[in-house]
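Single-structure report; data block below.
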Amino acid sequence: MKYSRKRGAIPRDEKNIQLAMWIIYIVLFYLFFFLSPWIFSNASEYRLTPIGIEQSLSSQRSVTVNAWTYSASQRTMEVQLSFINNAYDGDNDYVFSAISNGLSITNLDVEVVIQSNDLYVLQIHDVPSNYTQVRLTVSLKSNRTESVNLFSNKLDITSVSRIEEKTETEYRIESLERRIETYNASIEKLNNVIGEATIRVENLRIEIEELKAAETYQTAAEVSKTETTISQRESSIATELNTIDNAQKEIDEYSARIDLAAQEISDLREEQ
């Protein structure tokens with residue numbers, strides 16, 4: 001006896017093929033979702049908020065990352081932030097949230113360890129071991145639209161064996177010591193600027209002397225051209241000397257800041 005297939009019914013083989021295709025699609029989707037951090041992540045894609053550089057929350061408020069460390073054994077990050085409030089309105093309360101990127105996006109618990117008008121110390125807990133980067137959102141408590149995202153990643157973060165408990169004074173001293181290091185690094189760069197500009201000035205002066213000596217055997221038209229060149233070189237010297245002067249003023253300013261920071265460190269240690 002022959003059995004006829006119902007009109008419109010899908011053959012069993014075709015059903016199996018469709019089912020297999022759906023299974024393959026689902027497997028590929030999950031592979032893409034879970035492996036995409038490794039497929040697409042590379043150092044150039046990791047975001048990093050530089051240490052010691054002010055980040056704007058609004059036109060009158062800024063925050064600076066003083067330090068961002070990570071202890072793998074504790075699965076904890078510590079972030080030290082300093083704030084500047086140029087509104088002078090006494091509104092210095094901030095709220096924080098954090099997420100990590102890794103095999104998946106994870107919301108992280110942020111604990112405020114130290115809080116004052118200008119200094120906050122945060123600890124971000126339960127950071128996944130496979131994280132690639134962490135985004136910390138800082139917002140003014142009274143107006144969440146005044147906010148900024150701060151970033152660190154597994155390649156650039158400072159790793160420590162353990163995050164130790166410290167007092168506010170100890171955190172402030174650490175912050176001041178890092179500030180002095182930053183000032184000294186800036187002074188070193190400025191000294192290089194001065195050194196390079198000084199060499200250019202010396203070379204320009206030598207060239208001017210050579211040009212003046214050559215005028216003895218030049219025609220009036222040639223002398224006129226040489227004088228134009230000398231005038232250009234003298235203008236370049238003036239520019240280089242101005243660069244040296246400005247760099248020296250910056251060095252003097254950084255040196256004064258270093259002295260004040262060192263004095264503040266001394267005073268804080270006496271208070272301990």
Is there a donor in the side chain of [X] and an acceptor in the side chain of [Y], or the other way round, less than 3.5 Å apart?
X      : Y      : value
Ser186 : Asn184 : no
Gln248 : Asp252 : yes
Gln218 : Thr226 : yes
Asn242 : Asp245 : no

Are [Y] and [X] co-members of a hydrophobic cluster defined by side-chain heavy atoms under 4.5 Å apart?
X      : Y      : value
Leu122 : Val148 : yes
Leu268 : Tyr183 : yes
Ile51  : Tyr254 : no
Ile84  : Val138 : no
Leu48  : Trp68  : no

* **From CA spacing to verdict: side chain to side chain donor-acceptor pair (under 3.5 Å), Thr137, Asn149** => CA-CA 4 Å; Thr137 300; Asn149 291 325; 2.7 Å; yes

* Does the side-chain contact (heavy atoms from CB on, under 4.5 Å) test come out yes or no for Gln80 and Val65, once each step is laid out? -> CA-CA 6 Å; Gln80 298 179 33; Val65 179; over 6 Å; no

So, [X] side chain and [Y] main chain: donor-acceptor pair closer than 3.5 Å or not?
X      : Y      : result
Ser71  : Ser161 : yes
Arg178 : Asn66  : yes
Ser231 : Glu227 : no
Asp118 : Ser82  : no
Thr76  : Gln74  : yes
Gln133 : Arg47  : yes
Glu222 : Thr219 : yes

Taking transitive links into account, so neighbours of neighbours count too, which hydrophobic residues share a cluster with [X] at under 4.5 Å side-chain distance?
X      : result
Val121 : Val113, Ile114, Leu119, Tyr171
Ile199 : none
Ile53  : none

Can you name the nearest heavy-atom pair linking [X] to [Y], along with the distance?
X      : Y      : value
Ala247 : Ile194 : CB-CG1, 3.6 Å
Glu250 : Leu190 : CB-CD1, 3.5 Å
Val112 : Tyr120 : CG1-CD2, 4.0 Å
Ser62  : Leu57  : C-CD1, 3.7 Å
Ser56  : Ser59  : OG-N, 4.5 Å
Tyr70  : Ile157 : CB-CD1, 3.5 Å

Validation: residues 87-99 side-chain donor-acceptor distances under 3.5 Å, sequence neighbours left out:
| from | atom 1 | to | atom 2 | distance (Å) |
| --- | --- | --- | --- | --- |
| Tyr88 | OH | Asn86 | OD1 | 3.4 |
| Asp89 | OD1 | Arg61 | NH2 | 3.2 |
| Asp89 | OD1 | Asn85 | ND2 | 2.9 |
| Asp89 | OD1 | Asp91 | N | 3.0 |
| Asp89 | OD2 | Arg61 | NH2 | 2.7 |
| Asp91 | OD2 | Ser142 | OG | 2.4 |
| Asn92 | OD1 | Asn85 | ND2 | 3.1 |
| Asp93 | OD1 | Gln115 | NE2 | 3.3 |

Below 4.0 angstrom, N of the basic side chain to O of the carboxylate: do [X] and [Y] qualify?
X      : Y      : value
Arg205 : Glu209 : no
Glu177 : Arg269 : yes
Arg172 : Asp267 : no

Just verifying a value: how many Å separate [X] [atom1] and [Y] [atom2], rounded to the nearest 0.5 Å?
X      : Y      : atom1 : atom2 : value
Thr49  : Leu81  : OG1   : CG    : 10.0 Å
Ile244 : Arg200 : CD1   : CZ    : 8.5 Å
Ile237 : Leu204 : CD1   : CG    : 5.0 Å
Leu176 : Glu181 : CG    : CD    : 11.5 Å
Arg135 : Asn153 : CZ    : CG    : 15.0 Å
Leu260 : Glu264 : CG    : CD    : 8.5 Å

If you define the side chain from C-beta out and look only at heavy atoms, does anything of [X] sit under 4.5 Å from [Y]?
X      : Y      : result
Ile180 : Ile265 : yes
Val223 : Tyr217 : no
Glu215 : Ile230 : yes
Gln263 : Asp259 : no
Leu140 : Asn143 : yes

* Please lay out, stage by stage, how Tyr46 and Phe151 fare under the test ring pair (Phe, Tyr, Trp, His ring centres under 6.0 Å). => CA-CA 9 Å; Tyr46 293 152; Phe151 296 87; over 10 Å; no

* Asked: Can you list the steps and then say if Thr243 with Asn246 is a side-chain contact (heavy atoms from CB on, under 4.5 Å)?
  -> CA-CA 5 Å; Thr243 297; Asn246 289 336; 6.0 Å; no

* **With sequence neighbours excluded, residues passing salt bridge (Lys or Arg N to Asp or Glu O under 4.0 Å) with Arg75** =>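 Salt bridge (Lys or Arg N to Asp or Glu O under 4.0 Å) check on Arg75 returns nothing, list empty.
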
* Counterpart residues, salt bridge (Lys or Arg N to Asp or Glu O under 4.0 Å), relative to Lys225 (two or more places apart) -> none

* Asked: Which is it for Met77 and Thr69 under the side-chain contact (heavy atoms from CB on, under 4.5 Å) test, yes or no, and what are the steps along the way?
  -> CA-CA 5 Å; Met77 290 180 173; Thr69 56; over 6 Å; no

* What do the steps show when you test Glu207 against Leu211 for side-chain contact (heavy atoms from CB on, under 4.5 Å), and what is the final call? -> CA-CA 6 Å; Glu207 186 179 352; Leu211 288 167; 4.2 Å; yes

* Test applied, side chain to side chain contact (heavy atoms under 4.5 Å, CB included); reference residue, Ser100; option that passes from Asn130, Ile124, Thr132, Val134 -> Val134

